[in-house]
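Just follow the structure's listing: the first ligand is 1, and inside any ligand the first atom is 1. Predicted, not measured: the structure shown is a model, and the values here were computed from it.
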Amino acid sequence: MSERRSAQWYGGDDRNSYIHRAWMRRGFPADAFDGERPHIAIANTASDLTPCNAHLNEVGRSVADGIHRAGGIALNLPVVSLGETQVKPTAMLWRNMAAMAMEEMFRANPIDGLVLLGGCDKTIPALLMAAASVDLPAVVVPGGPMLTGTFRGTPLGCGTDVWKLSEEVRAGTLSSAEFQRSESSMIRSRGHCNTMGTASTMGLLAEVLGMTLPGIAGTPAPDSRLLEAAHATGVLAVDLVDQDRRPSAVMTRESFHNAIVALAALGGSTNAVVHLLAIAGRLGIPLTQDDFDRIGAGVPLLVDLQPAGRFLMDDLYRAGGLHAVLAEVQDLLDPTAITVIGEPLVSALGVAQVYDREVIRPRADPLQMEAGIAVLYGNLAPDGALVKPAAATPALLQHRGPAVVFDSVEDLKARLDDPSLEVTPDSVLVLRGCGPKGYPGMPEVSNMPLPAKLLAEGVRDMVRICDGRMSGTAYGTVVLHVAPEAAAGGPLAKVRTGDPIVLDLENRRLDVDVPAEEWAAREPSAEAARAYAAPARGWEKLYVDTVNQANTGADLDFLLGASGDKVARESH
Ligand code: FES
């Protein structure tokens with residue numbers, strides 16, 4: 001066995017190693033520092049202000065028990081936590097900050113390996129980005145989804161049903177009092193959102209990438225099997241360090257191929273695109289948006305979960321879980337991609353069974369034949385834009401209609417329900433100023449609400465175009481992640497109300513039908529430019545100055561790639 005990394009702190013008999021050991025004694029036996037036992041940090045995003053992750057302290061205790069049982073030293077390491085529903089202006093503004101802070105603390109501390117505890121939307125992406133850049137042996141325990149709550153006898157999909165119920169209020173078909181009454185039914189238990197939103201998607205994809213103990217992703221947060229799996233993960237973490245199996249050996253180009261296949265078969269969140277691109281960027285893997293369209297194109301949608309379908313995450317677990325889904329598309333998976341246990345991902349799929357064919361459809365009878373995320377290009381999106389056909393109205397995916405343009409979220413809120421707004425069901429709602437730089441932070445606003453007067457007429461979907469993101473729990477014919485964004489000089493800034501917009505999914509096009517000469521001569525909207533106030537200081541300034549566009553993962557330009565686990569100098 002080569003020298004453990006932690007021995008660089010604790011080995012020897014000089015003053016510095018004395019200091020490193022002495023301050024860590026606090027109940028540890030002397031052999032904790034003899035270089036034999038791996039020191040494993042449990043990077044824990046538990047926080048009372050991240051309600052989806054609040055149970056991770058208990059999960060961490062099971063991980064620690066497993067680490068101790070296998071002879072390691074377990075160390076709780078609280079890291080930056082992001083509560084999707086709590087932080088303003090948008091949790092995505094802080095994903096890269098969380099990842100950067102995690103990376104630096106993983107590198108700066110005397111640890112040999114990592115167990116990563118996450119759940120809420122940005123936490124698993126940030127943990128994986130950090131682990132990829134520091135490249136210490138690491139394994140994820142996804143915190144798991146919450147149980148299903150019910151309202152008026154009907155299951156509630158958290159997130160998705162908030163949008164639906166609030167639209168019902170605006171349409172006058174649900175009273176405000178009833179809407180408020182549903183609030184206490186929405187979150188039934190510990191755990192993250194129970195639809196196939198971003199948290200569920202990223203927890204499952206962490207396993208497909210190979211970064212969890214096989215078979216644990218999707219275990220509901222209150223299920224005792226999650227704690228059993230956490231204990232086993234602690235045991236595994238010690239072996240992982242002994243084997244020196246690092247994220248760069250697990251998360252390979254082949255693993256990302258499998259993640260894209262799984263994303264399509266699961267009907268996962270569009271946010272997974274920007275997160276997987278960012279993680280791949282940390283590993284130096286040349287993944288592109290086009291890979292999502294190319295690899296996902298022939299993958300059928302097999303999982304009938306909200307927001308695209310009917311069921312929720314505990315139904316998926318009951319029906320056989322992730323492995324049962326992957327077994328249906330095993331021929332599309334790369335058989336060489338390995339997991340943290342050193343075995344191919346596909347080797348775990350032989351025993352998978354489907355127990356409910358309503359929830360997990362057979363390959364021969366999918367919900368949709370082609371479920372991948374489509375990438376559109378055109379004079380409105382030179383660097384691409386996404387649309388998730390599984391969540392869209394099929395008839396709207398080939399559409400031509402006049403633009404109704406909003407310069408900011410505030411502009412949208414001020415004018416959307418104005419009875420004098422000139423808008424028809426054929427109009428295309430365009431919202432700009434919501435990209436990484438423009439907002440800043442690329443919020444989940446692309447699934448903009450529909451105008452009240454159209455809702456009252458029974459309209460439930462329209463083509464919407466935005467340079468922001470969309471909640472993984474949302475639905476509709478939404479073209480999003482338009483790149484470059486308006487605030488970075490993208491053509492979205494030049495669109496005017498009334499311009500004909502053409503969405504052509506079949507040919508993967510998104511264009512404004514304005515004569516080329518006129519379009520080339522047109523100036524960006526001064527009104528839109530006024531909406532982007534450049535931040536003067538702090539993280540927001542650093543972010544706006546250095547953030548990349550959505551089509552490459554919206555990471556900071558200087559965080560691409562890895563710095564490894566080496567620290568150059570002593571601490572004094
Ligand atoms: Fe945390 Fe949805 S708000 S996962």
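- Distances from atom 2 (Fe) of ligand 1 show that Cys193 has an N/O/S atom below 2.8 Å.
- Close approach of ligand 1 to Ala199 (heavy-atom distance below 4.0 Å) involves ligand atoms 4 (S).
- Residue Val141 forms a side chain to side chain contact (heavy atoms under 4.5 Å, CB included) with just one option from Asn44, Leu226, Leu116, Thr212, and that option is Leu226.
- Atom 1 (Fe) of ligand 1 lies under 2.8 Å from an N, O or S atom belonging to Cys52.
- Both the backbone and the side chain of Cys120 come within contact range of ligand 1, each with a heavy atom under 4.0 Å.
- Within ligand 1, the atoms closer than 4.0 Å to a non-hydrogen atom of Thr85 are 3 (S), numbered from 1 in the order shown.
- The ligand atoms of ligand 1 that sit less than 4.0 angstrom from a heavy atom of Asp121 are 2 (Fe), 4 (S).
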For Ser81 and Thr50, run side-chain hydrogen bond (donor to acceptor under 3.5 Å, both in side chains): C-alpha distance rounded to whole Å, both residues' side-chain angles, the deciding distance at 0.1 Å, then the answer.
-> CA-CA 7 Å; Ser81 188; Thr50 307; 2.7 Å; yes
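- Residues Arg95 and His275 are in side-chain contact: their nearest non-hydrogen atoms beyond the backbone lie under 4.5 Å apart.
- For the residue pair Thr252 and Ser255, a side-chain donor N or O sits within less than 3.5 Å of a side-chain acceptor on the partner.
- Counted by atom type alone, Arg282 and Ser133 present one or more donor-acceptor pairs between their side chains at under 3.5 Å.
- Residues Thr195 and Leu312 are in side-chain contact: their nearest non-hydrogen atoms beyond the backbone lie under 4.5 Å apart.
- Close approach of ligand 1 to Glu84 is summarised as follows: ligand atoms under 4.0 Å from at least one heavy atom of the residue are 3 (S).
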